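Letters go in sequence order (proteins before strands), and every chain restarts at 1. Computed from a predicted structure; not experimentally measured.
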Protein chains: 2
Amino acid sequence: MKLLSRQEEIVLLSIWRLGGEAYGVTIREYISKITGKYWSIGSIYVPLDRLIEKGYIDYYFKDITNRKGGRRKRYYNLSSPGMDALQEARELQNSLWQGFPDFAIKK
Amino acid sequence: MKLLSRQEEIVLLSIWRLGGEAYGVTIREYISKITGKYWSIGSIYVPLDRLIEKGYIDYYFKDITNRKGGRRKRYYNLSSPGMDALQEARELQNSLWQGFPDFAIKK
DNA sequence: GCAATATTTTCTATAAAATAGAATAACTTG
DNA sequence: CAAGTTATTCTATTTTATAGAAAATATTGC
């Protein structure tokens, strides 16, 4: 199986983190906040589409809307293969980083 | 600062792991072993070149040779910015994965 | 010395992923 | 239904990843 790319890892984890509240805008906000940098619209939606193609996530539309405008929100869920891919990524990371010095206090 | 790509992370960590023994071939062997998959020659040397350009690693030639053929081996070292980039990648990962369920026994 | 052989890196081409943001769609309110 | 707002789709460009042939350079044996 191919390794998860960085952006795939981040997007999958943000969907996991956001639980039932994961759609384009909240995902983008979360990623911007946790990484501390700017993410364009495309840099969120393009990987989302690819993750759907790969079967790592699925989605549904929630029609309840209490806010003003906007299209239907597309809510994402991790699929079972998506969870497996994350698990596998984690195991690789554990091996790779094993013993790496931890500079607890930084800056 | 831009995030490290997956392959950059892996290559940097393998140089760190191999200490004074990091050159193209040993890096490739290490990465193949730890990931359990095939890596072409280009998939090692191309990111190495880019990491040099970015200043994350530097290199020197060791002329001592006791093996049969081959060009001069190019040995790589992590630079200080390279170490910083790793540290930053790790901090992001810690945030992202915080609380992720750990399936200790798998398969 | 030099042909044969082995090892390592350089080079170049192609595919995949990341990034950017304009355009489009769709919902609410008045 | 027009105006205003929010969300996604679409498309183009840049950057990374991947592959492996070609070139370079070393040792061995005659």
Can you list, by residue number, the residues of residues 32-43 of chain A that have a non-hydrogen atom closer than 4.0 angstrom to DNA chain C?
Y38(A), W39(A), S40(A), I41(A), G42(A), S43(A)
Just distance, no hydrogens or angles: give the donor-acceptor pairs under 3.5 Å from side chains in residues 32-42 of chain B, sequence neighbours left out.
| residue | atom | partner | partner atom | Å |
| --- | --- | --- | --- | --- |
| S32(B) | OG | R28(B) | O | 2.9 |
| T35(B) | OG1 | I31(B) | O | 2.6 |
| T35(B) | OG1 | K37(B) | N | 3.4 |
| T35(B) | OG1 | W39(B) | NE1 | 2.8 |
| S40(B) | OG | S43(B) | N | 3.2 |
| S40(B) | OG | S43(B) | OG | 3.4 |

For dT8(C), does either OP1 or OP2 sit under 4.0 Å from a side-chain N or O belonging to R28(B)?
no
Is there a side-chain contact between S5(A) and the phosphate of dA18(C), meaning an N or O under 4.0 Å from OP1 or OP2?
yes
Under the side chain to side chain contact (heavy atoms under 4.5 Å, CB included) rule, collect the residues that match up with R74(B), sequence neighbours excluded.
D49(B), I52(B), Y59(B), F61(B), Y76(B)
So, OP1 or OP2 of dT16(D): does either fall under 4.0 Å of a side-chain N or O from K2(B)?
yes
Are L51(A) and W97(B) linked, directly or through intermediate hydrophobic residues, by side-chain heavy-atom contacts shorter than 4.5 Å (ILVMFWY only)?
yes
Determine: side-chain N/O of R71(A) to OP1/OP2 of dT5(D), distance under 4.0 Å, yes or no.
no
Under the side chain to side chain donor-acceptor pair (under 3.5 Å) rule, collect the residues that match up with R17(B), sequence neighbours excluded.
Y30(B)
For Y60(A), which residues count as a side chain to side chain contact (heavy atoms under 4.5 Å, CB included) partner, sequence neighbours excluded?
K62(A), Y75(A), N77(A)
Can you give me the closest heavy-atom contact between L4(B) and R6(A), atom names plus distance?
O-NE, 2.7 Å
K54(A) side chain near dA17(C) phosphate (N/O to OP1/OP2, under 4.0 Å)
yes
Counting only side-chain N and O atoms of R50(B), is one of them less than 4.0 Å from OP1 or OP2 of dA17(D)?
yes
Given dT19(C), dT9(D), dA26(D), the nucleotide with the shortest approach to the side chain of R72(B)
dA26(D)
For the side chain of V46(A), starting at C-beta, report the closest nucleotide among dA18(C), dA17(D), dT10(C).
dA18(C)
